[in-house]
Amino acid sequence: MTRGTGGRGSPGDARVRAGEVGRRLKGSPIAILFMAVLVDMLGFGIVIPVLPFYALEMDATALEVTLLIASFSAMQMAATPIWGRVSDTHGRRPLIIAGLFASAVSYLIFGLANSLALLLLSRVAAGAAGGTISVAHAYVADTTKAEERAHGMGLIGAAAGLGVMLGPAIGGFFSEISLSAPGYVAAVLCALNGIAAIFFLPESRPKEQRGAKRRGQTATLRGWARTMVSPPLSLVLGVYFLGITSFTAMTALLALYFEAEFAISAREMGFMFAIAGGVTVVVRGVVLGRLVKRFGEIATVRTGAIALGLSFVLLPLVPSFAWAMAVVPFYAFGAGTMFPALATLTSFASDADSQGSVLGGSQLIGGLGRVAGPLWAGLLFQEVAFE
């Protein structure tokens, strides 16, 4: 794994390096991809805080509301391997553009919905469009050198985190007009971003590779399955599954737990998630690349896992919500370093012709974790923690 030379520079040196990075990113494919992911996830974040209230206006039960929320992750989980595999053959650019316009259509349906069936259709469509996150990761793998890949993966994660952090605030603002208004705003943003991608996002996969007969590790479905369960990829994906399952389990329960323990409000939880999102953006966009350059991907994964594990131990033990806020940076730092570094290790474990398929498979594993984590944690919380 890549390691840096170490050493510390002066503040002036740091400013020079930051300026160089900014100049390299300006107008680069990664910068354009950053904006594509940011706006797509911004649309996702815009509708999330409105969805439960919108569904309740249509006389949805609590179970129906949770099913609406789960339908997005379930459809995204099913779609990501397909998007990734198709992008290996037909290129990354058309799939990313198609995903942005599909997201726009899903949010338009959300805005027009007058029944639970249409609301469900909008979430299923959004989940299918959200499967292009694996294509974005493959795009990074196509366009970065090995020593720069973790930083590129981190930037994509930072874009997603920033979108999810800012989206709810935008959605809450426009919900004052109507509960359907955030859907229209998200649709317009995604459509404009799709148009921009048509003109400014270049293809990352060479034409001869796109048009060639499938080869490499995942030329067949059996080959793809064999690759996914073979070391070292199976070990990396096993760590990813355990990490994402634990992370989403804790995230799903934080509001319930702190409300029961400290009687906090939704506004306080929103403030906590905003801090977590801000830390994650900084870590993925600034800190991650330097950590990997100096210590390598494996050490970065271990560091993130330790920080995440420490937060899992400390959060149930804190005596007040103020102390919980002090633990949140560990929680965000762990997620912000561990998961992008694992994505980089996943890309290293696949050949050039299989990046989309393998990264799509990793998103499938992640989707299983995002569904399984909240389910087992919610059941345990309901049956054991507060009997």
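The shown structure was predicted, so the numbers you read here are calculated from the model rather than taken from an experiment.
- At a threshold of 4.5 Å between side-chain heavy atoms, the hydrophobic network of Ile, Leu, Val, Met, Phe, Trp and Tyr places Ile298 and Val287 in one connected group.
- Under a 3.5 Å cut-off, the side chain of Tyr54 and the backbone N or O of Leu119 do not form any donor-acceptor pair.
- When every heavy atom of Pro94 is checked against every heavy atom of Glu203, the shortest pair comes out as CD-OE1, 3.4 Å.
- Between Leu315 and Ala324, the closest heavy-atom pair is CD2-O, 4.1 Å.
- Linking Ile, Leu, Val, Met, Phe, Trp and Tyr whenever their side-chain heavy atoms come within less than 4.5 Å leaves Leu112 and Phe110 in two separate clusters.
- Neither Leu179 nor Leu108 shares a network with the other; the hydrophobic side chains, linked directly or stepwise wherever heavy atoms of I, L, V, M, F, W or Y lie under 4.5 Å apart, form separate groups for each.
- Of all heavy-atom pairs spanning Leu291 and Phe333, the tightest one is CD1-CZ, 4.0 Å.
- Counting heavy atoms from C-beta outward, Tyr240 and Val236 have side chains that stay 4.5 Å or more apart.
- With values rounded to the nearest 0.5 angstrom, Leu237 atom CG is found 5.5 Å from Ile365 atom CD1.
- Of all heavy-atom pairs between Thr300 and Gly296, the closest is OG1-O, 2.8 Å.
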For this session: Kindly indicate, with the supporting measurements, whether the criterion side chain to side chain contact (heavy atoms under 4.5 Å, CB included) is fulfilled by Glu261 and Val318.
Result: CA-CA 10 Å; Glu261 281 288 299; Val318 293; over 6 Å; no

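- When all heavy atoms are compared, the tightest approach of Val301 to Leu345 is CG2-CD1, 4.0 Å.
- Listed for the Arg123 side chain is no donor-acceptor partner under 3.5 Å among the backbone atoms of Ser106.
- With values rounded to the nearest 0.5 angstrom, Arg93 atom CZ is found 12.5 Å from Leu33 atom CG.
- Atom-to-atom distance recorded for Leu116:CG and Asp59:CG is 8.0 Å, nearest 0.5 angstrom.
- Here Ile109 contributes atom CD1 and Leu120 contributes atom CG; the two are 11.0 Å apart, rounded to the nearest 0.5 Å.
- For the atom pair Phe295 CZ and Thr303 OG1, the distance stands at 7.5 Å (nearest 0.5 Å).
- Cluster annotation: Phe34 and Leu192 are assigned to distinct hydrophobic clusters (Ile/Leu/Val/Met/Phe/Trp/Tyr, side-chain heavy-atom contacts under 4.5 Å, transitive).
- Note that the CG atom of Leu95 and the CD1 atom of Ile82 stand 11.0 Å from one another [nearest 0.5 Å].
- You'll find the ring centres of Phe312 and Phe247 outside the 6.0 Å limit.
- In this structure, the side chains of Leu201 and Ile96 come closer than 4.5 Å at one or more pairs of heavy atoms.
- Hydrophobic cluster membership is shared by Ile177 and Leu189, with clusters built from Ile, Leu, Val, Met, Phe, Trp and Tyr side chains linked at under 4.5 angstrom.
- By the 6.0 Å contact criterion, CZ on Phe330 is open, its count of non-hydrogen atoms from other residues, nucleotides or ligands being 12 or less.
- The closest donor-acceptor contact from the side chain of Trp83 to the backbone of Ala128 lies under 3.5 Å.
- Side-chain atoms of Tyr331 never come within 3.5 Å of backbone atoms of Ser311 as a donor-acceptor pair (strictly under, hydrogens ignored).
- Shortest non-hydrogen contact noted between Ile97 and Gly194 is CG2-O, 4.2 Å.
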For this session: Take Tyr139 and Val135 through the test side chain to side chain contact (heavy atoms under 4.5 Å, CB included) and record every step on the way to the result.
Result: CA-CA 6 Å; Tyr139 193 107; Val135 184; 5.6 Å; no

